[in-house]
Each structure stands twice: as structure tokens, then as C-alpha cells.
Protein chains: 2
Amino acid sequence: MTDASKRRWVTSLEVAQLAGVSRSAVSRSFTPGASIAEETRWRVLEAAEQLGYRPNAIARSLNTRRSGLIGVVVADVGNPFYARLVEALAIEIQARGRAPLVFVAKEAGATDALLPELLSFQVDGVLVASATLSLRVTQLYTAARTPIVLLDRMADDGEDVSGDISADNVAGAAMVAELFATTGRRRPAFIAGLENTSTSRDRAAGFVAGLARHGLSLAGRDAGQYNYAGGQAAARRLLGARERPDAIFCANDEMALAVLDVARGEFGLSVPEGLSVAGFDNAAPGALAAYNLTTVDQGLERMASEAVGMLEGALDASHPPGRLRLPCRLVGRATTL
Amino acid sequence: MTDASKRRWVTSLEVAQLAGVSRSAVSRSFTPGASIAEETRWRVLEAAEQLGYRPNAIARSLNTRRSGLIGVVVADVGNPFYARLVEALAIEIQARGRAPLVFVAKEAGATDALLPELLSFQVDGVLVASATLSLRVTQLYTAARTPIVLLDRMADDGEDVSGDISADNVAGAAMVAELFATTGRRRPAFIAGLENTSTSRDRAAGFVAGLARHGLSLAGRDAGQYNYAGGQAAARRLLGARERPDAIFCANDEMALAVLDVARGEFGLSVPEGLSVAGFDNAAPGALAAYNLTTVDQGLERMASEAVGMLEGALDASHPPGRLRLPCRLVGRATTL
DNA sequence: GCTAACGTTGCACACGTATGCAAGAGGTGG
DNA sequence: CCACCTCTTGCATACGTGTGCAACGTTAGC
């Protein structure tokens with residue numbers, strides 16, 4: 001008993017002894033496709049069951065050089081879209097028999113410090129949802145032959161990553177422009193998120209391009225850092241201007257909710273008659289009865305699924321970098337005509 | 001080059017050769033408090049830096065029997081409170097130099113299947129935020145000497161866990177009862193979440209007890225499964241009854257938002273004059289201008305911090321099980337008088 | 001009945017690090 | 001100058017599993 005109390009784990013050796021075989025047989029019994037007689041495997045599995053044996057994933061990965069761990073790095077947790085993304089990724093990863101190692105960067109710049117640390121945990125690959133990522137870090141991963149896939153963000157030219165995947169932000173924003181134009185709006189404005197992110201840039205570009213197709217141009221432009229307070233401030237500036245816009249497209253839903261609150265509460269505007277408002281992300285609060293916000297859905301689950309799939313593709317084969325732009329879906333609700 | 005291209009990792013041996021020492025010296029250089037001359041450590045660290053060496057955490061944990069991994073298991077992801085909790089836990093875990101292995105159970109019952117799997121990853125301990133947990137699983141963990149800490153849920157008597165931690169739901173709910181009573185409400189109702197969870201039971205009990213202290217009793221009671229649709233249905237039943245309540249306390253914010261939407265949109269009630277509404281969790285949407293929901297804050301960050309601390313305490317020493325009830329804070333806003 | 005082929009098994013080593021132990025270096029006190 | 005102690009270092013082994021290789025038993029084919 002004194003001995004048993006110190007032991008935390010049943011090893012393959014004990015199972016082997018109980019089943020009357022060698023450790024190799026035990027190992028092979030748990031390795032799909034290994035050369036082992038069906039009857040032997042049964043005996044081993046029964047012995048394992050009896051002892052409560054589970055293969056030690058740590059020891060296994062030391063040999064196979066595959067940990068089964070996938071790093072998930074996310075910055076800007078304040079943004080609820082990223083929170084949902086992490087969940088979707090975690091579900092997708094564990095559905096494929098791997099385990100997600102989640103790292104959260106409190107500040108946007110902290111991502112760079114996290115990634116080398118993740119490497120020491122021997123992750124097989126990393127999914128990064130962060131607006132910023134230094135070149136030095138990607139080189140580190142290239143040297144370690146650990147694939148990186150970027151989410152909700154395009155890779156810059158110099159970045160040596162295994163792929164990037166994001167919604168087709170340009171097309172999604174263009175759909176909003178189309179909606180504004182065809183419902184008679186003549187003075188459309190845009191509120192950007194973080195100016196240096198590819199998502200915000202693409203949504204701006206798509207919106208402007210979509211407007212141009214209808215002979216319209218931007219009647220106002222501001223930025224709100226993707227959060228409520230920022231959206232609030234931007235809304236006050238835009239709506240307080242001499243020539244007030246009659247439609248505002250926000251780079252995400254949180255800012256759009258702020259616009260709605262400011263428009264109704266501080267400027268007494270009626271939506272959508274006096275002002276059309278649209279957001280991006282299809283976040284949960286926008287669906288609430290008091291807002292009923294028109295927005296663009298990015299297809300979060302599919303994005304997560306494709307991202308993990310792309311990473312797995314890069315795991316064994318030296319896949320060429322993949323780039324994927326997923327189609328968006330316009331969710332028309334009560335804040336637009 | 002052909003050789004270097006196959007090698008993914010710099011090992012301690014290579015660092016040792018470059019620094020002109022043995023592997024042991026390299027190992028000790030990276031072990032705080034190990035017996036190593038300061039000058040030797042410098043030489044080793046410099047060589048390591050030059051080669052880009054990082055200790056292999058997998059190999060290390062095989063020896064130390066400490067993986068540095070902490071399992072985080074969460075069920076019911078639909079509930080945004082759990083999503084925020086996972087994030088807070090992840091941040092807290094990595095702040096203490098460990099890494100969170102996040103597992104999400106799609107259904108409430110799936111937690112039981114996840115936990116044994118987590119064990120094979122050699123997690124040092126597990127944090128569980130799930131309403132249900134079978135006895136068999138806790139026994140498994142006890143056998144493996146892997147501590148479990150339960151979050152936002154009390155341990156039942158038979159459960160052999162290292163501790164549980166939750167908000168003082170009884171006291172928090174009593175504060176709402178107090179608020180309703182002192183603002184002249186005479187017909188208070190309650191909407192439970194999931195009936196078999198300790199959080200819902202405690203909030204009900206605290207609310208009823210608080211009312212009793214003011215000579216009041218429940219004028220209505222329903223359940224809404226902690227989600228919007230359930231809250232909607234419950235609100236319709238309660239508000240459609242012959243003797244309509246003049247105050248409703250919901251076991252979480254999401255149901256409270258549903259109550260507000262139904263009360264205003266379908267029954268034309270004015271809040272808080274015609275109906276007081278309060279929720280629980282202090283979720284983000286409740287703070288939006290269109291709702292401005294009175295609620296109870298659980299102190300999420302502190303809960304996460306205490307939980308990880310409790311788990312760490314149980315890691316080395318055979319700590320006695322800890323039980324912690326964190327104080328709640330009433331957040332009075334516009335949906336109550 | 002003999003040989004070749006095949007499926008199955010065990011041996012031995014590898015994965016990369018931590019650490020007890022003993023030996024060596026260096027210093028101090030008598 | 002010697003004995004003793006402290007600090008540092010390297011050697012060897014352990015952690016638990018995967019897998020190439022060779023040996024074994026069995027069967028099929030002729």
C-alpha cells in the first residue's frame with residue numbers, strides 16, 4: 001500500500017505483465033494500424049481496462065514528436081467576436097482528437113511574447129487570431145517547422161506562415177453599401193475599428209467600392225477601436241457634424257450598438273427612418289429586440305473548421321501556404337430600411 | 001544542410017557542446033535554484049540564445065511528473081458567463097507560468113467523457129465549470145492524484161474533490177429581494193435557470209429567504225433554462241397570469257433581457273414603474289443603454305484567481321478540500337426603482 | 001515434405017530532460 | 001601543510017512510450 005500510494009500512474013509495463021505480453025504489444029494495441037493479432041489486442045485491452053491504464057500522452061509525444069497539442073493565441077479578448085472564435089476553435093480541435101492550448105494576450109502587442117513560450121510546449125501547430133504579429137516570431141516558427149495559420153486576418157507579404165483565413169470582408173462590406181444605396185441613402189458614413197488591422201481596412205475598402213458602384217461616396221469617416229466607448233465617441237462626432245450622415249456602417253457590432261444608443265438617446269433620431277445603421281460580426285446583443293441590428297455574418301463556425309483543417313493539412317505535408325476568403329451573409333434586420 | 005533540415009529542435013546536448021559543458025549544466029542553468037556557478041550559467045544561456053534553444057517542456061515533464069498543464073473543462077458554452085469565465089481562468093493560469101488546456105463540452109452530460117481524456121494529457125490539475133459531474137469521474141481523478149476544483153458550483157457530499165468555489169449566490173439573491181421589498185414591491189416572482197444546478201437553487205433560496213425577512217412571499221415562479229428563449233417563454237407565462245407580478249428576479253441576465261423585451265414589447269409595461277426586473281451575472285449586454293439592467297456581479301476575475309490559487313495549493317501538498325463563497329455586489333441600474 | 005512468404009512478437013534503443021551521487025576544485029581554519 | 005568543508009560539475013540512470021530489426025511460428029504453394 002505504501003508503494004501504491006506513491007504511484008500515480010499505471011504504466012504499459014504493468015498492463016503487459018497482467019496480459020502476459022511485452023510492453024511492445026501493449027503499445028501496439030493502442031496504435032491504430034499496428035501489427036498485432038486481434039486476440040492479443042483483446043487481452044491487452046482487457047488488462048488495461050482492469051488496471052485503469054491510459055497511455056501517457058507526454059511520453060508518447062516525446063517519441064513521435066507529435067504532442068497532439070494545438071496552440072490557440074488570441075489578442076484583444078475584450079472583443080466578443082474573438083471569444084466566440086476561441087470557443088469554436090476549441091470545439092473543432094478537440095473534435096479532431098487534439099487538444100487546444102489557449103493563450104490570451106492581454107494587450108495586442110503581447111502576442112509576440114506568448115508565441116515562443118508556446119513553442120516550448122511542443123505544440124504541433126498554432127492558430128493565431130491577433131491583429132499584430134512580428135516577423136521575428138514567424139521566422140522562429142519556420143525554423144521550428146511548426147505551422148502557423150492566421151485567423152480573421154490576411155498575411156502580409158513578408159510573413160512566412162502556412163496560411164491565412166478570414167471572411168471576405170470586402171464583399172461583406174460591399175453588401176452593406178449596396179443595401180444603403182438601394183434604400184435611398186445618399187450620405188453614408190463609416191466607422192473603422194483599429195486602423196492598422198486588415199479587417200478594418202478591407203471593410204472600409206469594400207464599403208467605399210460598393211458605394212462607388214452606385215455613384216456614392218463617403219459622407220463621413222471616423223474610428224472607434226472596435227469597442228463601445230470608441231463607437232460612442234465616433235458617433236457623437238459624426239452625428240454632431242453640420243452635414244449629418246443618413247446611414248452609418250460600423251466595422252463591428254459593438255460600435256454599431258453604441259451608434260444606436262447615441263443616435264436615439266442623445267440626438268433623438270429614429271432608426272431606420274432618420275438613420276440607417278449596420279454592423280459586422282452578427283454578435284448576440286445585436287439580435288436583442290431593443291436593437292435588432294442589421295449586420296454581416298462571418299460564418300464563424302466554418303471559419304474555425306476551415307482553419308483547423310488548413311493547419312492539419314500543413315502538419316504532415318509541406319503544404320503550400322493556403323489563403324481562404326469565406327463568403328459573408330447579410331443579416332437584414334430593423335436598423336436599415 | 002540535409003541534416004539540419006530534418007532536425008526541428010535544438011537539444012540541450014548541442015548547447016552543452018557549444019558552451020563546453022555537460023548536458024547537466026545546461027539543465028541546471030534553466031532550473032531556478034539549481035547548483036550552478038553564475039559564470040557557467042551565463043555561458044550556457046549565451047550559447048542557448050545563439051542556437052535558439054528552448055527547453056522541451058514535454059521531456060521535462062516526463063521526468064518531473066509535472067506537465068505545467070491545467071485542464072479547464074466547461075459545459076454549456078451557450079451561456080456567455082462561462083465564456084468569460086474561461087477567459088479569466090486562461091489569463092490567470094498563464095500568469096502563473098502554466099498553460100490552460102481548454103475542453104468544451106457541447107452538451108452538459110459530455111463533461112464526463114472529456115475528463116478521462118484530459119487525464120492522459122497529464123494535466124497537473126483540473127478546473128471544472130459544469131453543472132453535472134459523475135461520481136465515477138471524481139474517483140478516477142482521486143486515483144490519479146490529480147486535484148479537481150469545481151467552479152460556480154458547490155460540491156455534493158459524496159464528491160471527492162479538492163475544493164469548490166462560487167459566488168455567494170444566496171446572499172446575492174437576498175440583496176435583490178431586499179431591493180424589491182424596500183422599493184415597495186409586493187408581488188415578486190422568480191425565474192429559475194436550470195433547476196438541477198446549485199446556482200439556480202441557491203439564488204432561489206436566497207431570494208425567498210430575503211423576501212421572508214420583509215414578510216413577502218413568492219407571487220410567481222417559473223424556469224427558463226438560463227437562455228433567452230426560455231426566459232421569453234417564462235416571462236409570457238408570468239406576465240400573462242391573472243395576478244401579474246410587479247417584480248421579477250431572473251437567475252441570470254440573459255433571461256432578464258428576455259423579460260424586458262417581452263414586458264415592453266408584448267405587454268406594453270413600463271420598466272421600472274410597472275415592473276421591476278433584476279438579473280444575475282452582470283453580463284455585458286445588460287449594461288447597454290437600451291436595457292440598463294439591474295443585476296448582481298459575481299466578481300468573475302476574483303473567482304478565477306481564487307480557483308487557480310486553490311488548485312495550486314492542492315498541487316503539492318495534500319491540502320484539505322477548500323470551500324469558498326465569494327461576496328456578490330449589487331449593481332443597481334434603471335430596471336429597478 | 002520442403003521452401004518461401006507472411007503475420008506476430010520481443011528486444012533494444014531512441015526521444016530530451018532532471019537529478020542522486022560521487023568526484024573534483026577551491027578555500028578556510030588549525 | 002593538512003584536514004575539512006563548500007561549491008560546482010559530470011556521469012549514469014530514470015521518466016513512459018514508439019518502432020526498426022530480427023527471430024519466431026504458421027501457413028500456403030508446389
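These numbers come from a predicted model, not from an experiment.
Rounded to the nearest 0.5 angstrom, Leu18(B) CG and Glu14(B) CD are separated by 9.5 Å. To the nearest 0.5 Å, the span separating CG on Asp124(A) from CZ on Arg65(A) amounts to 12.0 Å. Between Ser61(A) atom OG and Leu69(A) atom CG the span is 7.0 Å, to the nearest 0.5 Å. We find the CG-OG1 distance between Leu150(A) and Thr138(A) to be 9.0 Å, quoted to the nearest 0.5 Å. Interatomic distance, CD1 of Ile58(A) versus OG of Ser67(B), reported as 5.5 Å (0.5 Å rounding).
Residues forming a ring-ring contact (aromatic ring centres under 6.0 Å, His included) with Tyr82(B) (at least two apart in sequence, or on another chain): none. Residues forming a side chain to side chain contact (heavy atoms under 4.5 Å, CB included) with Arg96(B) (at least two apart in sequence, or on another chain): Glu92(B), Ser305(B), Val308(B), Glu312(B).
On the nucleic acid side, DNA chain C contacts chain B at distances under 4.0 Å to non-hydrogen atoms, with the end points of that region at dG16(C) to dG20(C). Counting 5' to 3', DNA chain D first comes under 4.0 angstrom of a heavy atom of chain B and last does so at the ends given by dT8(D) to dG16(D).
For the helix from dG1(C)-dC30(D) to dG30(C)-dC1(D), the end axes, each set by the C1' atoms of five terminal pairs, are bent relative to each other by 40° (nearest 10°).
Under 3.5 Å, the side chains of Thr142(B) and Asp160(B) contain a donor-acceptor pair of N or O atoms. Under 3.5 Å, the side chains of Arg153(B) and Thr197(B) contain no donor-acceptor pair of N or O atoms.
Between Asn63(B) and Val26(A), the residue anchored nearer the 5' end of DNA chain D, judged by the nucleotide with its closest heavy atom, is Asn63(B). Taking the nucleotide of DNA chain C with the nearest heavy atom to each of Thr40(A) and Arg23(A), the more 5' of the two is matched to Thr40(A).
Residue pairs satisfying the ring pair (Phe, Tyr, Trp, His ring centres under 6.0 Å) criterion with at least one member in residues 53-80 of chain B, sequence neighbours excluded, are listed as follows: Phe30(B)-Tyr53(B).
Heavy atoms of Val21(B) sit under 4.0 angstrom from primed sugar atoms or phosphate atoms, though from no base atom.
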